[in-house]
Amino acid sequence: MIRTEEMLLNVGPQHPSTHGVFRIVLKIDGEVIKEAKPVIGYLHRGTEKIAENLQYTQIIPYTDRMDYLAAMTNNYILCHAVETMMAMDIPERADYLRVIVMELGRIASHLVWFGTYLLDIGAMSPFLYAFREREVIINLLTEISGGRLTFNYMRVGGVKWDAPEGWLDKVREFVPYMREQLAGYHDLVTGNEIFMARMKGVGAYSKQKALAYSLSGANLRCTGVQWDLRKNEPYSLYDRFQFEVPVFPQGDALARYNCRMAEIEEALKIVEQAVGQISDGPIMAKVPRIIKPPAGETYVRIESPRGEIGCYIASKGKKEPYRLKFRRPSFYNLQILPELLEGENISNLIAILGGIDIVLGEVDG
């Protein structure tokens with residue numbers, strides 16, 4: 001029997017496959033991981049504490065930078081929380097525009113994950129194709145918001161401005177184009193025997209384990225739990241659209257991959273229906289110049305590309321929140337990582353980490 005000494009190994013925080021400034025301290029025996037300790041906080045900016053000294057509209061740009069791959073969704077969760085406290089009715093056109101940009105952002109986020117994940121495990125071409133399609137979405141979101149990554153488009157009561165002339169037609173044309181490219185992704189990757197053998201059974205966990213760790217998004221749905229807040233607790237206009245919540249029961253890396261790829265198709269369905277249903281009208285409710293929600297507290301939650309994102313606000317009736325707290329899905333989803341890595345071969349580390357789909361700006365807050 002060969003005897004080896006245990007060794008401590010740092011993965012990150014300057015490692016491209018940690019998807020940001022994230023560090024894992026590994027205790028390894030040969031090639032087997034005995035213990036894995038995540039080290040976070042390198043990107044912590046104190047967003048929630050800073051918010052206590054800002055007016056509500058001033059907080060919106062800080063939400064862009066938490067999950068910087070889902071800025072529109074983060075914009076919405078804050079505005080939705082304030083609007084809930086103020087019992088505000090949102091103009092229908094504004095709600096449709098919100099849904100369209102959030103679902104385009106969901107597709108773009110999944111494309112980044114798809115491309116970088118395949119790059120992590122050794123495939124170059126999917127990364128290039130995914131970023132080609134993402135560029136089309138980014139151009140659309142830039143045209144409507146003025147930003148490129150941190151879009152800062154939504155406002156309490158509606159959206160910053162209306163869609164430019166011809167913009168909705170471009171979105172309408174994008175849907176069949178993206179479907180065609182998605183079919184190409186499946187031809188290239190999903191049915192690839194090498195890819196399937198690499199992913200199948202890796203990082204598997206049960207439905208009970210997922211619920212115990214409060215996982216959400218694809219990390220929960222990959223265990224067969226059909227839970228999506230757009231469907232189970234509809235907000236905005238999501239109850240008007242026909243779409244499915246993809247689930248896969250295996251709970252492994254391949255199931256998480258299949259969930260996210262299927263979610264791209266469902267997001268395209270929502271975008272297509274929203275563009276078909278939208279009509280003319282105002283894009284902002286009547287909102288006071290200084291927003292002061294009544295004294296009290298509220299918690300709202302929505303479905304981001306990474307799972308359940310929530311916003312808690314405690315108000316004392318002033319123009320700044322007394323307390324503000326975000327439930328950040330990447331932070332919760334990351335908790336299961338040490339358990340998944342224990343006893344695994346080190347060659348599976350990046351395949352397991354990448355499959356969780358974390359954004360470090362959201363982990364650190």
Side-chain angles (χ1 to χ4, degrees), residues 8-13 15 17-28 33-48 66-70 73-74 77 109 113 116-117 120 201-225 227-229 247-248 250-257 259-260 299 301-312 325-344 346 348-365:
L8 284 180
L9 178 68
N10 278 296
V11 178
H15 192 293
S17 291
T18 57
H19 296 257
V21 280
F22 176 58
R23 175 181 171 217
I24 316 172
V25 181
L26 298 178
K27 185 184 289 184
I28 58 174
I33 300 170
K34 293 297 184 182
E35 187 179 29
K37 289 186 177 179
V39 183
I40 65 174
Y42 295 97
L43 203 53
H44 181 60
R45 292 148 295 179
T47 301
E48 295 160 346
M66 292 191 305
D67 182 347
Y68 36 76
L69 298 180
T73 308
N74 290 11
I77 187 67
S109 175
W113 173 81
T116 54
Y117 190 46
D120 284 347
V202 172
Y205 51 82
S206 66
K207 173 173 66 176
Q208 292 74 21
K209 189 74 71 178
L211 293 170
Y213 274 96
S214 196
L215 304 187
S216 58
N219 291 292
L220 174 62
R221 293 190 283 272
C222 74
T223 64
V225 179
W227 180 260
D228 186 316
L229 291 164
V247 294
F248 292 83
Q250 298 84 4
D252 59 3
L254 184 60
R256 292 187 275 285
Y257 168 88
C259 270
R260 294 190 182 101
Y299 177 79
R301 55 184 185 170
I302 65 171
E303 192 74 27
S304 90
R306 263 148 291 286
E308 181 182 318
I309 182 170
C311 181
Y312 166 81
K325 176 73 177 174
F326 290 105
R327 183 207 187 274
R328 307 182 301 274
S330 290
F331 178 78
Y332 286 87
N333 292 342
L334 188 61
Q335 292 180 102
I336 199 171
L337 182 65
E339 183 167 336
L340 295 185
L341 292 181
E342 189 175 327
E344 273 284 355
I346 196 168
N348 284 335
L349 187 155
I350 296 302
I352 292 172
L353 173 62
I356 297 175
D357 186 22
I358 55 171
V359 169
L360 266 299
E362 188 176 69
V363 170
D364 290 347

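- Taking Tyr257 as the reference, Thr190 meet the side-chain hydrogen bond (donor to acceptor under 3.5 Å, both in side chains) condition, with sequence neighbours excluded.
- Of the inter-residue distances, the one linking Ile352 atom CD1 with Leu340 atom CG reads 6.0 Å to the nearest 0.5 angstrom.
- For Ser109, the side chain to side chain contact (heavy atoms under 4.5 Å, CB included) partners at least two apart in sequence or on another chain are Leu69, Pro305, Arg306.
- Between Val25 and Asn10 there is a side-chain heavy-atom pair separated by less than 4.5 Å.
- The two residues Gly217 and Glu303 come nearest to each other via the heavy atoms CA-OE2, 3.6 Å.
- Inter-residue side-chain proximity for Tyr205 and Leu215 is flagged as met; some heavy-atom pair is nearer than 4.5 Å.
- Interatomic distance, CD1 of Ile356 versus CD1 of Ile336, reported as 7.5 Å (0.5 Å rounding).
- Of all heavy-atom pairs between Gly355 and Tyr117, the closest is N-CE1, 3.3 Å.
- Rounding to the nearest 0.5 Å gives a distance of 6.0 Å between CD1 of Ile77 and CD1 of Ile309.
- The closest donor-acceptor contact from the side chain of Arg23 to the backbone of Val21 lies at 3.5 Å or more, if one exists at all.
- Looking at Asn219, its side chain never comes within 3.5 Å of a backbone N or O of Arg256 through a donor-acceptor pair.
- Distance check: Leu360 CG to Thr18 OG1 gives 6.5 Å after rounding to the nearest 0.5 Å.
- Every residue was checked against the salt bridge (Lys or Arg N to Asp or Glu O under 4.0 Å) condition with Glu362, not counting sequence neighbours, and none meets it.
- Considering only residues two or more places apart in sequence or on other chains, Ala204 meets the side chain to side chain contact (heavy atoms under 4.5 Å, CB included) condition with Asp252.
- Across Cys259 and Ala218, no two heavy atoms sit closer than the pair CB-CB, 3.9 Å.
- Across every non-hydrogen atom of Phe248 and Ala255, the tightest pair is CB-CB, 3.9 Å.
- In this view, Phe326 satisfies the ring-ring contact (aromatic ring centres under 6.0 Å, His included) rule with no residue, not counting sequence neighbours.
- Atoms CG and OG, on Leu211 and Ser206 in that order, are 8.5 Å from each other to the nearest 0.5 Å.
- Applying the salt bridge (Lys or Arg N to Asp or Glu O under 4.0 Å) criterion to Arg301, with sequence neighbours excluded, gives Glu233, Glu308.
- A donor-acceptor pair is defined here as one N or O able to donate and one able to accept, closer than 3.5 Å; no such pair exists between the side chain of Tyr213 and the backbone of Gln208.
- With a 4.5 Å cut-off on side-chain heavy atoms, Leu334 and Ile40 count as touching.
- Residues Gly354 and Trp113 come closest through the heavy atom pair O-NE1, 2.8 Å.
- Shown here are the side chain to side chain contact (heavy atoms under 4.5 Å, CB included) partners of His44, two or more places apart in sequence or in another chain: Asp364.
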Show your working on side chain to side chain contact (heavy atoms under 4.5 Å, CB included) between Ser304 and Met66 and close with a plain yes or no. CA-CA 12 Å; Ser304 90; Met66 292 191 305; over 6 Å; no
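- Scanning both residues, Gly310 and Tyr299, for their nearest heavy atoms gives CA-OH, 3.4 Å.
- Contact annotation: the side chain of Leu341 never approaches that of Ile346 to less than 4.5 Å [non-hydrogen atoms, C-beta and beyond].
- Under the ring-ring contact (aromatic ring centres under 6.0 Å, His included) criterion, Phe22 pairs with no residue at all, not counting sequence neighbours.
- Here the side chains of Ile358 and Leu353 are in contact, with some heavy-atom distance below 4.5 Å.
- Every salt bridge (Lys or Arg N to Asp or Glu O under 4.0 Å) that Lys209 has, sequence neighbours left out, goes to Glu339.
- Residue pairs satisfying the salt bridge (charged side-chain N to carboxylate O under 4.0 Å, His left out) criterion with at least one member in residues 33-43, sequence neighbours excluded, are listed as follows: Lys27-Glu35.
- Listed by chain and residue number, Lys325, Arg328 satisfy the salt bridge (Lys or Arg N to Asp or Glu O under 4.0 Å) test with Glu48 (two or more places apart in sequence, or in another chain).
- Among residues two or more places apart in sequence or in another chain, the side chain to side chain contact (heavy atoms under 4.5 Å, CB included) test is passed with Thr116 by His19, Val112, Phe127, Phe131.
- If you take CG on Asp67 and OG1 on Thr73, they are separated by 7.5 Å, rounding to the nearest 0.5 Å.
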Given side chain to side chain contact (heavy atoms under 4.5 Å, CB included), test Leu26 with Leu349 step by step and report yes or no. CA-CA 10 Å; Leu26 298 178; Leu349 187 155; 3.2 Å; yes
